[in-house]
Protein chains: 4
Amino acid sequence: MVGRVVPDSALSGAVPPDPGSDQCGWTEREAELLTVTLRLLQSHGYDRLTVDAVATEAKASKATMYRRWPSKADLVLAAFIEGTRESAVAPNTGSLREDLIAIGTSVAAHSREHASTMRAVLNEMSHSADLRAAMQDKFVRHRHRMIEEVLTAAAERGEISTAAINPEIWDVLPGYLVFRSLMSERPPTDETVRALVDDVVLPALQRTRP
Amino acid sequence: MVGRVVPDSALSGAVPPDPGSDQCGWTEREAELLTVTLRLLQSHGYDRLTVDAVATEAKASKATMYRRWPSKADLVLAAFIEGTRESAVAPNTGSLREDLIAIGTSVAAHSREHASTMRAVLNEMSHSADLRAAMQDKFVRHRHRMIEEVLTAAAERGEISTAAINPEIWDVLPGYLVFRSLMSERPPTDETVRALVDDVVLPALQRTRP
Amino acid sequence: MVGRVVPDSALSGAVPPDPGSDQCGWTEREAELLTVTLRLLQSHGYDRLTVDAVATEAKASKATMYRRWPSKADLVLAAFIEGTRESAVAPNTGSLREDLIAIGTSVAAHSREHASTMRAVLNEMSHSADLRAAMQDKFVRHRHRMIEEVLTAAAERGEISTAAINPEIWDVLPGYLVFRSLMSERPPTDETVRALVDDVVLPALQRTRP
Amino acid sequence: MVGRVVPDSALSGAVPPDPGSDQCGWTEREAELLTVTLRLLQSHGYDRLTVDAVATEAKASKATMYRRWPSKADLVLAAFIEGTRESAVAPNTGSLREDLIAIGTSVAAHSREHASTMRAVLNEMSHSADLRAAMQDKFVRHRHRMIEEVLTAAAERGEISTAAINPEIWDVLPGYLVFRSLMSERPPTDETVRALVDDVVLPALQRTRP
DNA sequence: TCATAAGCGAGACGGTACGTCGTGTCTTACG
DNA sequence: CGTAAGACACGACGTACCGTCTCGCTTATGA
């Protein structure tokens, strides 16, 4: 009654052999295929992207694509991960505000650029637990660590109290910026980042709990 | 090179005849079709949903579907709007905190329930300016007004200073909660709402700018 | 290890609803599709023929083709049957020799024209019992009856003895002519038919068994 | 519009180095590959046979196959020739009838056994003049000479008149038997051969032209 | 005795056809 | 007239096969 049902394990091969590492594991050729995928993805969106188009553009064949990524969704996920692998180092400017601005600016830029792809990947996440796990591994964990480092350093410098750090909502800064990009009207600007840091995140962190 | 190009005007008929009103304007039969659509949408996601399946399930014909909603995207948008039509009244408990908690709890519940559908609609928004506009009209504006009312009332009660209200980031509260639902790991809980209101939004609103 | 295995029942839909009748049962549109198929088949041969090409040429779509004929082999079989539906009436010239010449000439012409298609269909017969049965029904039985009529009439006229009719080899005349067409070198000519009738078939029929 | 066009010269290397000789010229390994090819060919037919399958079955590599036989058609032709290399000597029993029965029985047996392969090769003949030529060389000429020898001997013995030998239809005996095998329903039996020789070929040869 | 080459297995690759399926349009027949 | 049923053109998906190609490994020859 309801169309094509792809086996749930379809996305198992989407991640490179060593998922825990930050190494990407793709061949040069594979990276090229992913780059083409990403470009077409950004310009046309998920469902207007055809695997044939990627193959043709990259002078490859569909079989080559499907040998590596067993479905279009896998391909797009891989391209997304490849394309958004951001600088892994947490900023360390000596000032909490500057660190947060740096993180926010980076997140805003990346999420603006890859908004269309993120929407596609989010949509695919509804179907695949593997995709959710990969997303978690590749993004959330990474950002979590980065923000933790920044906050810990600020606490050590005495800028904030460790009591102000709430793990329930550690990702307000990147989360809201991503939300703004996803909604596509009013994508986040530098001013957004500044206001978010100065008027929301810093007051929240620097407050003295009553 | 890149496939199917749907005319951009496809979404013109997506909204019921009287878009400004809060009345929905759908026939009982139409509402039934939208309900079926919504159910299949939630269980299968956007691209695994087929118009054929909806029609068959509802003992309708494809022509009937397309006569009302000129494309699959329109149908899904209409179903989404139908399914997420929330209470239009802003809370007025007399306490800013209570108002914010009420809004946050409502947003969290709705976004959790319709996460899959929202992902689908977000994805479609990449393609259609009309869809973006409809989304804006139906949700953002509505929430904007609601939050504005609450904040204005609080300012009138002297709970906050109007200077603390930053229109750049008025939607941190709902935005972050929606983000959490979209990411599907760690969907927002009541505790999330409480922490967000108490530790982030209220400190931000109540701060005295240095 | 060995490629594509199509279910054996694949050819079940290849014959029109009423296989026993001589009516063809095809819609006008379907006949048109088969005509295009036959033309491309004759000019390119079986494995250089693509269903896509047929569809494009006939301004149809692949789905339309596959809705009627569940595989390329079915399509080709149907086209072959359609294309070689010959005049159903047995000749009756009053002379056995003339009757045999008429049959032989007709068989030679048809088999020459459709040699390529026949080779393809023969090849497909290796796989499908249904195809064999259809072939039997459409061709062999028909010719058998035709020749039987002619011989019976000749026996009634006293031209031959019924004892000379050997059911083991009733199809030497058409069989050898078809063989000549299939081998494609030395396709049968009118002289072939004449020699076959005068020097082989008639002597065989008119001999007095020792 | 119509697909893959293989260069017509593809079959140039299909015959062993010394085409005139009756020696086969294949290495032991090559003969083994052809044997596997022949087996798969008989069980699956031409287009269900894959070069990959042959290579895997024979623990060879595709490169090895294509180094020897530049295309699938070449491979199949070679396997066919290898598999049907029959006794080259014409029978000489001293009796025309016995000679013809011997030839017919041999042809019937061979054509029954290799019917599937013959259908495949016939089908390929549509495309390749080289294959046609090879077929002609390997089979037709050989049989032609064999039958000529038998008939000449019979004429020398006075069993038949040389005037009765008609070169237009010298191959009625083998041709009809092959036809019967190709049609696969009613493959030729010993009785078929006997009837064909006694009731058709001998009367034709022994007739006195009016 | 070792090295240089030639043949082989394994299998990735570009290309292309197959057969399936979903969208959006259109026709037919029913009420 | 609106509707259910469903055929239709279009085009993407994912699979499979052909013929070419590279990679190592083995074996056989030549210095």
Side-chain angles (χ1 to χ4, degrees), chain A residues 2-6 10 27 29 47-53 55-56 58-75, chain B residues 2-7 10 29 47-53 55-56 58-75, chain C residues 2-6 10 27 29 47-53 55-56 58-75, chain D residues 2-7 10 29 47-53 55-56 58-75:
Chain A
V2 159
R4 212 151 14 130
V5 174
V6 177
T27 305
R29 175 63 163 151
D47 37 0
R48 268 148 157 129
L49 169 78
T50 68
V51 181
D52 253 317
T56 304
K59 292 267 179 206
S61 91
K62 270 205 299 179
T64 301
M65 309 298 297
Y66 282 99
R67 201 175 298 117
R68 285 167 172 65
W69 304 284
S71 80
K72 181 181 168 182
D74 292 84
L75 172 64
Chain B
V2 159
R4 200 144 32 122
V5 173
V6 176
R29 175 60 165 155
D47 37 3
R48 260 127 159 152
L49 168 78
T50 68
V51 180
D52 258 310
T56 305
K59 291 267 178 207
S61 116
K62 276 208 296 179
T64 303
M65 309 296 297
Y66 280 97
R67 200 173 300 116
R68 282 162 177 66
W69 304 283
S71 80
K72 179 181 169 181
D74 293 87
L75 171 64
Chain C
V2 159
R4 205 142 30 118
V5 174
V6 177
T27 304
R29 176 62 164 155
D47 36 2
R48 267 145 157 131
L49 169 78
T50 69
V51 180
D52 253 316
T56 304
K59 291 268 179 206
S61 90
K62 273 205 298 178
T64 301
M65 310 297 298
Y66 282 100
R67 200 175 301 117
R68 284 166 172 64
W69 304 284
S71 80
K72 182 180 166 181
D74 293 85
L75 171 64
Chain D
V2 159
R4 201 138 35 115
V5 174
V6 176
R29 176 61 165 153
D47 38 0
R48 259 124 159 155
L49 168 78
T50 68
V51 181
D52 258 310
T56 304
K59 290 267 178 209
S61 118
K62 275 206 299 177
T64 303
M65 310 296 298
Y66 280 98
R67 200 174 299 119
R68 280 161 177 65
W69 304 284
S71 81
K72 180 180 168 181
D74 293 87
L75 172 64

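So you know, we letter chains A, B, ... as the sequences are listed, proteins then strands, and number each from 1.
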Q) Does some side-chain heavy atom of V51(D) sit less than 4.5 Å from a side-chain heavy atom of Y66(D)? A) yes
Q. Considering all heavy atoms of both residues, which atom of D74(C) and which atom of S71(C) are nearest to each other, and what is their separation?
A. OD1-OG, 2.6 Å
Q | Gap between atoms CG and C1', on L75(B) and dG24(E) respectively (whole Å) | A | 13 Å
Q. In whole angstroms, how far is the C1' atom of dC13(F) from the CH2 atom of W69(A)?
A. 17 Å
Pairs under 3.5 angstrom, nitrogen or oxygen only, protein versus nucleotides 10-13 of chain E, please.
residue: dA10(E); atom: N7; partner: S61(D); partner atom: OG; Å: 3.2
residue: dC13(E); atom: OP1; partner: R68(A); partner atom: NH1; Å: 3.4
residue: dC13(E); atom: OP1; partner: R68(A); partner atom: NH2; Å: 2.5
residue: dC13(E); atom: OP2; partner: R67(A); partner atom: NH1; Å: 2.6
residue: dC13(E); atom: OP2; partner: R68(A); partner atom: NH1; Å: 2.6
residue: dC13(E); atom: OP2; partner: R68(A); partner atom: NH2; Å: 3.4

(Q) Expressed as a whole number of angstroms, how long is the span from R48(A):CZ to dT23(E):P? (A) 15 Å
Q: To the nearest 0.5 Å, tell me how far W69(C) CH2 sits from L75(C) CG.
A: 6.0 Å
Q.
Pick the closest DNA chain E nucleotide for M65(A) and for K72(C) by heavy atoms, then say which residue is nearer the 5' end.
A. M65(A)
Q.
Give me the atom names and distance for the closest heavy-atom approach of S61(A) to A55(A).
A. C-CB, 3.8 Å
Q | Nucleotide of dG19(E), dC18(F), dC13(F) approaching Y66(D) most closely (side-chain heavy atoms) | A | dC18(F)
Q. What's the CG-C1' distance between D47(D) and dG19(E), to the nearest Å?
A. 15 Å
Q.
If the condition is side chain to side chain contact (heavy atoms under 4.5 Å, CB included), which residues does R29(D) pass it with, not counting sequence neighbours?
A. T27(D), E32(D), L33(D), A58(D), A60(D)
Q) How close do L49(A) and K72(A) get, heavy atom to heavy atom, and via which atoms? A) O-NZ, 2.8 Å
